Amino acid sequence: MKPKSRRAACSCGRLCLEAKGEAVRISICHCLACQRRTGSAFGAQARFPADAVTVHGESSAYTRVADSGNRITFHFCPTCGATVHYRIDDQPDLIAVPVGAFADPDFPSPSASVYEERRHSWVVVPKDWEHHR
C-alpha cells in the first residue's frame, strides 16, 4: 500500500511541499514567538521525517533562538510571507510543517501541548494530551 501523501503550501502557492507518510508528532505551542509568528493564540505543527518531505519553490529563511535555546530556521514564501516549514537544529532528521499550511480540515489532531505557562486562559487543551509547562 502506498504511504499517504499530504501537500502543504503558502497562500500564493509558490512554495509548497509534499510529506509522505504520517507525522511523527503533532503538537500545539503556546510560546510567545509562535503566537507572534502565527497571529493566533498558539501554533500547531506536524513533524515529519526529513527524508519523507520534498520542498518545491523558493523560500526566504529566518532563524531565531527559542526559549529552549534551540535555533529554529523558518522557511517562508518571499512573495506572500506564509511559513511552510521549519527546522529545529537539535532535530536535524525532522521537518516541522504548520498544520494550517495543509489546509486540510481532516488533518489528524495534535496530541501534545507545549509552553502551557503562556497559554491564553480561554484556550482549553484536552486532558488526554501530553502537557508541558
Side-chain angles (χ1 to χ4, degrees):
M1 188 166 150
K2 184 178 173 183
K4 183 170 181 88
S5 177
R6 297 181 187 276
R7 184 176 185 277
C10 65
S11 297
C12 71
R14 292 186 178 174
L15 177 60
C16 59
L17 64 76
E18 180 183 8
K20 292 183 180 171
E22 296 302 322
V24 296
R25 179 181 173 102
I26 305 170
S27 61
I28 62 173
C29 179
H30 305 277
C31 80
L32 301 179
C34 279
Q35 290 180 34
R36 286 189 179 108
R37 178 179 56 81
T38 64
S40 185
F42 55 84
Q45 54 280 324
R47 295 178 190 173
F48 293 88
D51 62 1
V53 176
T54 305
V55 178
H56 304 281
E58 292 184 38
S59 68
S60 294
Y62 170 70
T63 302
R64 71 172 176 84
V65 177
D67 291 345
S68 64
N70 291 321
R71 291 174 51 85
I72 304 173
T73 301
F74 297 90
H75 294 270
F76 57 94
C77 175
T79 301
C80 69
T83 299
V84 175
H85 63 96
Y86 59 94
R87 294 186 95 145
I88 303 168
D89 279 3
D90 77 342
Q91 298 175 352
D93 296 332
L94 297 176
I95 293 179
V97 183
V99 170
F102 290 103
D104 177 2
D106 294 323
F107 197 86
S109 171
S111 60
S113 174
V114 301
Y115 285 100
E116 287 190 334
E117 69 272 6
R118 297 185 179 143
R119 179 181 57 82
H120 287 241
S121 62
W122 49 266
V123 173
V124 179
V125 178
K127 291 181 194 248
D128 61 340
W129 287 14
E130 287 178 41
H131 295 270
H132 303 275
R133 298 233 10 98

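Residue indices begin at 1 and follow the sequence shown. All figures in this text were calculated on a predicted structure; none of them were measured in a lab.
- A pairwise comparison of heavy atoms in Leu94 and Arg87 identifies O-NE, 3.7 Å as the closest pair.
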Assess whether side chain to side chain contact (heavy atoms under 4.5 Å, CB included) is satisfied between Arg14 and Cys80, documenting all intermediate values. CA-CA 9 Å; Arg14 292 186 178 174; Cys80 69; over 6 Å; no
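- For Arg6 against Pro108, the heavy-atom pair with the smallest separation is NH2-CD, 3.4 Å.
- Linking Ile, Leu, Val, Met, Phe, Trp and Tyr whenever their side-chain heavy atoms come within less than 4.5 Å puts Ile26 and Val53 in one cluster.
- Residue Leu15 comes nearest to Cys77 through the heavy atom pair CD2-N, 3.7 Å, listed as atom of the first residue, atom of the second, then distance.
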Passes side chain to side chain contact (heavy atoms under 4.5 Å, CB included), Ile88 versus Arg47? Steps please. CA-CA 10 Å; Ile88 303 168; Arg47 295 178 190 173; 3.8 Å; yes
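- A 6.0 Å sphere centred on CD of Glu58 holds no more than 12 heavy atoms belonging to other residues, nucleotides or ligands.
- In the displayed structure, Arg64 atom CZ is contacted under 6.0 Å by more than 12 heavy atoms of other residues, nucleotides or ligands.
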Going through the checks in order, is the side chain to side chain contact (heavy atoms under 4.5 Å, CB included) test met by Asp89 and Asn70? CA-CA 6 Å; Asp89 279 3; Asn70 291 321; 5.7 Å; no
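- Connection of Trp129 to Val123 is established within a shared hydrophobic cluster, with ILVMFWY side chains joined at heavy-atom distances below 4.5 Å, either directly or through further cluster members.
- Among all heavy-atom pairs drawn from Val97 and Ala101, the shortest one is CG1-CB, 4.3 Å.
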Derivation and outcome, side chain to side chain contact (heavy atoms under 4.5 Å, CB included), residues His120 and His30: CA-CA 8 Å; His120 287 241; His30 305 277; over 6 Å; no
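- The two residues Arg7 and Phe102 come nearest to each other via the heavy atoms O-CD2, 3.5 Å.
- Hydrophobic clustering keeps Ile28 apart from Val114 (ILVMFWY residues linked when any side-chain heavy atoms are closer than 4.5 Å, directly or through intermediates).
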Tell me, with the steps shown, if Glu130 and Ser111 meet side-chain hydrogen bond (donor to acceptor under 3.5 Å, both in side chains). CA-CA 6 Å; Glu130 287 178 41; Ser111 60; 5.1 Å; no
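- Scored by the side chain to side chain donor-acceptor pair (under 3.5 Å) test, Thr54 finds no partners at all (sequence neighbours excluded).
- Between Phe74 and Tyr62, the ring planes lie parallel to each other; the angle is under 30°, not in the 30° to 60° tilted range.
- In terms of hydrophobic clustering, with Ile, Leu, Val, Met, Phe, Trp and Tyr side chains grouped at heavy-atom distances under 4.5 Å, Val125 and Phe42 are assigned to a common cluster.
- The minimum heavy-atom distance between Ser60 and Pro78, with the atom names listed, is OG-CB, 3.4 Å.
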